[in-house]
2 protein chains.
Amino acid sequence: MVSDEADSGSDSPPLLSGDSEALSQFIENMGLYFEDYGIPRIGGRILGLLLVARRPVSPEEMSEVLQVSRSSISTNLRSLLMAGLVERVSLPGERSDYYVISEEAWERSLEMRLEGIQALREIAEEGLQGLDAGHPARQRLEEMLSWTAMVEDAYRKLLEAWQSRKEVPA
Amino acid sequence: MVSDEADSGSDSPPLLSGDSEALSQFIENMGLYFEDYGIPRIGGRILGLLLVARRPVSPEEMSEVLQVSRSSISTNLRSLLMAGLVERVSLPGERSDYYVISEEAWERSLEMRLEGIQALREIAEEGLQGLDAGHPARQRLEEMLSWTAMVEDAYRKLLEAWQSRKEVPA
DNA sequence: CGATTGTTTCAGTCTTGACAGAAACAAGTG
DNA sequence: CACTTGTTTCTGTCAAGACTGAAACAATCG
């Protein structure tokens, strides 16, 4: 679903290069993957494109390469910006804005998972307060609570590990 | 959104007890939470109900307590069964089937996360094959790959830790 | 072997939200 | 200060799928 009829009247360096069939497939797969997780397919495809592009990409180019309307690009881009997954860069002497994958995209992704599990832990805590001492369901909610706590802890550690992955190279 | 007008002509032990306002809230929160993650809201509410119920619950009771049609219960129950989050139990002398949260529900939940991240790693691997050696995007995809590998590893460890949480109590 | 009770499947309705196209808006340039 | 270019907002359309009620199906009991 990726057509590279860009470059129309442009002398900018090529956007994509390499096995374009594989890259199209990659972009499409990203779209499908994210769709499974509640992110609009086009948003996922934008991320895919930004991941394999040789240089920052303008909304106009996204629209051409992904074959979707500019308004869709605009809407999805805004969501991705707000989620901290994409960043705007100003290319010197260019009037249009250009976008790249955020440096912290993967970190943000972990943070979002962390937030999700925290929310679930809070639900468990509140639910537990509605059960009397000897209630047969208490055990289940306590198990849920310890599960969320355990996963939350793992995410925290993962986040730290990821953040400090560059230090101590050897 | 939970009305406990069950018990209609029944002498079975009560389904819910405790702070019913809090429990309703819990069930509703579970529905909303799961909805955010692509699971039908009713499915989430069923899980919530099963978590705080005093005993196994029949589809009929779910329909009454959650105020949704039996066919919705049936459909969602089937999904939950297939996902391994819910189990059927046969109550002796009862004609209707009863359901409980699966013992392995939380474990299954981790397994599903693991499968998700594996899929993403495969996407990254395939995409990487479409990029030539010196391609500026290689670094990004390699970072994506190492991120997925790291998260995948963490999930595996988490899964093991959860599975063996009962052994070695002291 | 009807009749009752419980469960699943089916077809239709309704809601949600993604997307497109057009209009509105900004900003920069001659 | 028009005019061009680029971006966002708005409105309408469309598709996906969650949910319901009714019909079909099983199984059990008198």
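Here is how names work: the chains are called A, B, and so on, in the same order as the sequence lines, proteins then strands, and each is numbered from 1.
Comparing atom distances between the A/P40 side chain and each of C/dA18, D/dT7, C/dT7 picks out C/dA18 as nearest. Comparing D/dT20, D/dT8, C/dT7 against the side chain of B/I42 picks out D/dT20 as the nearest. When the nucleotides C/dC19, D/dT20, D/dT8 are ranked by their closest atom to the side chain of A/N76, C/dC19 comes out on top. With C/dT7, D/dT7, D/dC19 as the choices, the nucleotide that has an atom nearest any side-chain atom of B/R70 turns out to be C/dT7. Listed nucleotides C/dT8, D/dT8, D/dT20 differ in distance to B/S72; the shortest reach to its side chain belongs to D/dT20. Side chain of A/D97, nearest nucleotide from D/dA18, C/dC19, D/dT7: D/dT7.
If you measure from atom CZ of B/R78 to atom C1' of C/dT7, you get 10 Å, rounded to the nearest angstrom. Taking atom CD of residue B/E35 and atom P of nucleotide D/dG17, one finds them 14 Å apart after rounding to whole Å. B/Q67 places its CD atom 15 Å from the P atom of D/dC19, with the value rounded to the nearest Å. Atom pair B/R45:CZ and D/dC19:C1' shows a separation of 11 Å (rounding to whole Å applied). For the pair B/L32 CG and C/dT16 P, the interatomic distance rounds to 13 Å; values are reported in whole Å. Between B/E61 atom CD and C/dG6 atom C1' there is a gap of 13 Å when expressed in whole angstrom units. Nucleotide C/dT7 holds its P atom 13 Å from the CG atom of B/L81, rounded to whole Å. A straight line from CG of A/L77 to C1' of D/dT7 spans 11 Å, rounded to a whole angstrom.
For B/S69 against D/dG21, a side-chain-to-base donor-acceptor contact under 3.5 Å is absent.
A donor-acceptor contact under 3.5 angstrom links the side chains of B/E107 and B/Q163, judged on distance only.
Between A/R55 and A/E61 there is a salt bridge, since at least one side-chain N of the basic residue sits less than 4.0 Å from a carboxylate O of the acidic one. Taking the charged nitrogens against the carboxylate oxygens, B/E143 and A/R165 do have a contact shorter than 4.0 Å, which makes a salt bridge. Electrostatic pairing of B/R156 and B/E152 counts as a salt bridge here, judged by a charged N lying under 4.0 Å from a carboxylate O. The pair A/R108-A/E104 does not count as a salt bridge, with every side-chain nitrogen at least 4.0 angstrom from each carboxylate oxygen.
Using a 4.0 Å heavy-atom criterion, one finds that B/S71 contacts the bases of the nucleic acid, with or without backbone contacts as well.
In this structure, A/T75 does not reach the C/dA18 phosphate: none of its side-chain N or O atoms is under 4.0 Å from OP1 or OP2.
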